[in-house]
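Notes to accompany the following structure.
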Amino acid sequence: MQISLSAAVLSALVRPCGHQKGGSQLPRRLAVVDASTIRFEHYDEQPLKDGQVRFRALHSAVSTGTELMLLEGRAPRFTTGWDGNRRLTRSRTDHDRPYPVGIGYQFVGEVVDAASELRDQFTLGDVFWIDAHHADSITIDVRTAPPMRRFNLANSWHAAFFPMVRIALGAVHDARPLIGDHATVFGGGMIGLLSAVLLRRSGTASVTLVEPQAARRHIAQGLGLHTIDPAVGPPADILQDSGIRADVVIEASGNYEALDEALRAARMHGTVVVVSSYGNQDAGIRLGHEFHRNRLTVLSSMTINGCAHRDHPRWDLERLNAEAARLIENKKLGLDQMGVENFAFEDAPEAFKYLADREAAPPSVRFDYGAGR
């Protein structure tokens with residue numbers, strides 16, 4: 001597999017030699033240890049205490065935009081802190097940067113041990129998605145457990161994309177498409193592809209994906225989507241030349257230039273839903289043109305962090321999660337056709353190099369840990 005890096009990003013990726021204890025390999029987790037450096041760290045697994053359950057990793061998936069922002073030092077956490085009471089950001093200084101930091105939130109593992117009082121709730125071999133970092137194992141205390149969900153799937157790796165399905169589902173709910181609407185999605189990563197597939201299921205007349213990378217456009221076409229290469233011309237003009245004006249637009253690329261184009265692509269009184277995080281980009285967006293003249297509605301889509309669903313209480317986070325899980329379990333999304341590439345966990349640093357090449361990167365990669373189904 002050819003691996004090429006953009007600029008100097010990730011040039012310091014390292015993978016230390018494994019440490020041995022008692023003749024066996026210690027478990028590993030991925031950590032960002034400073035700007036643009038990721039490596040394995042080794043850790044001990046302590047005997048279980050009351051209230052604890054241990055999971056052995058089967059798979060984990062990379063949230064490409066979020067994890068590359070963290071790895072490349074562009075994540076908001078490096079320059080700002082979040083005041084949860086005031087719901088405002090606060091500036092932070094460089095010496096406050098929180099290294100090392102774990103990476104990832106799409107862990108799928110099977111139960112390998114549980115405290116005696118929990119063994120009727122956590123059966124050996126049960127498969128769970130857990131909001132946890134890329135690692136060989138995780139031990140949780142059920143009294144303070146991170147978000148997690150049990151799955152029963154023939155392809156257990158599908159469960160790794162559960163949070164992305166929920167994010168895309170939330171974005172489509174925020175867009176509120178009507179039967180017969182024309183929809184456009186900017187960005188052919190996993191969330192963009194999932195959003196486009198869900199928009200098609202919502203009864204839209206057409207869904208168009210705007211994506212500069214040819215391989216991702218090919219994936220989208222295989223899913224039955226129209227595509228636009230923005231290098232050919234402004235997407236708004238291409239859409240109108242084909243007789244389409246977008247009623248709803250979802251921006252899932254994480255690029256401010258794409259957000260500007262998303263505003264241009266929306267018809268008068270249209271809705272633009274922003275599901276991207278733009279990190280620490282300092283480029284502005286142009287609000288004096290189409291946004292102002294076409295009286296557009298621009299919405300931030302956020303399904304967690306204390307943000308209620310816009311149709312709360314009819315919809316809440318648990319209902320959104322349940323629907324996302326149902327879509328995965330009923331094979332309604334075409335995850336097998338979305339170009340997810342598979343790496344062994346020991347090759348994770350190379351996978352991140354691959355993802356950093358914006359010209360060739362797949363929509364996402366997943367890691368297999370040698371014991372997966």
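Atom set for the values below is all heavy atoms of this structure, side chains included, hydrogens, waters and symmetry mates excluded. Since this is a predicted model, take the numbers as computed values, not measurements.
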When rounded to the nearest 0.5 angstrom, what distance separates [atom1] in [X] from [atom2] in [Y]?
X: E67; Y: Q106; atom1: CD; atom2: CD; result: 7.0 Å
X: T123; Y: R150; atom1: OG1; atom2: CZ; result: 6.5 Å
X: H309; Y: H173; atom1: NE2; atom2: NE2; result: 5.0 Å
X: Y354; Y: E341; atom1: OH; atom2: CD; result: 3.5 Å
X: L194; Y: I328; atom1: CG; atom2: CD1; result: 8.5 Å
X: L327; Y: R201; atom1: CG; atom2: CZ; result: 6.0 Å

(request) Give the C-alpha distance, both sets of side-chain angles, the deciding distance and a yes or no for side-chain contact (heavy atoms from CB on, under 4.5 Å) between E211 and I219. (result) CA-CA 11 Å; E211 167 57 49; I219 291 168; over 6 Å; no

In plain terms, say whether [X] and [Y] are close enough for a salt bridge, that is, a side-chain N and a carboxylate O under 4.0 Å apart.
X: R119; Y: D113; answer: yes
X: E261; Y: R264; answer: yes
X: D311; Y: R176; answer: yes

Any side-chain heavy-atom pair from [X] and [Y] closer than 4.5 angstrom?
X: V111; Y: F55; value: yes
X: L335; Y: M190; value: yes
X: L317; Y: R166; value: yes
X: V172; Y: P177; value: yes
X: W129; Y: P163; value: yes
X: R245; Y: L239; value: no
X: D181; Y: S206; value: no
X: N305; Y: W82; value: no

(request) Could you tell me how the ring of F367 sits relative to the ring of F343: parallel (under 30°), tilted (30 to 60°) or perpendicular (over 60°)? (result) perpendicular

For the pair [X] (side chain) and [Y] (backbone), establish whether a donor and an acceptor sit closer than 3.5 Å, ignoring hydrogens and angles.
X: T271; Y: A175; value: no
X: S301; Y: V275; value: no
X: R200; Y: L223; value: yes
X: N330; Y: K332; value: no
X: N294; Y: L296; value: no
X: D247; Y: H182; value: yes
X: R216; Y: A361; value: yes
X: E329; Y: L153; value: no
X: T64; Y: P363; value: yes
X: D260; Y: R286; value: yes

Above 12 or not: heavy atoms from other molecules or residues under 6.0 Å from [atom1] of [X]?
X: Q221; atom1: CD; answer: yes
X: R87; atom1: CZ; answer: yes
X: L88; atom1: CG; answer: yes

Please find the pair of heavy atoms, one from [X] and one from [Y], that lie closest to each other, and give the distance.
X: H133; Y: G104; value: ND1-O, 2.9 Å
X: V272; Y: A266; value: CG2-CB, 3.9 Å
X: I130; Y: P146; value: CG2-CG, 3.7 Å
X: A325; Y: R149; value: CB-NE, 3.6 Å
X: T227; Y: R217; value: CG2-O, 3.6 Å
X: A258; Y: E251; value: CB-OE2, 3.7 Å

(request) Please lay out, stage by stage, how R28 and F345 fare under the test side-chain contact (heavy atoms from CB on, under 4.5 Å). (result) CA-CA 9 Å; R28 308 151 296 172; F345 185 48; 3.4 Å; yes

(message) Would you say Q52 and T139 are linked by a side-chain donor-acceptor pair, where the criterion is simply a distance under 3.5 Å?
(response) no

(message) Just by distance, no angles: are the side chains of Y369 and S137 close enough, under 3.5 Å, to form a donor-acceptor pair?
(response) no

(message) Once side chain to side chain contact (heavy atoms under 4.5 Å, CB included) is applied, do any residues pair with R293, and if so which ones, sequence neighbours excluded?
(response) none

Decide whether [X] and [Y] are clustered together by the hydrophobic rule: side chain heavy atoms of Ile, Leu, Val, Met, Phe, Trp, Tyr closer than 4.5 Å, transitively.
X: M69; Y: M302; result: no
X: V108; Y: V53; result: no
X: L118; Y: I140; result: yes
X: V165; Y: M148; result: no
X: I138; Y: L124; result: yes

(request) Check F107, F128, W157, F151 against F162 for a ring pair (Phe, Tyr, Trp, His ring centres under 6.0 Å) and give me the one that passes. (result) F151

(message) If you apply the rule side-chain contact (heavy atoms from CB on, under 4.5 Å), what do you find for F352 with V62, and how did you get there?
(response) CA-CA 9 Å; F352 276 99; V62 175; 4.0 Å; yes

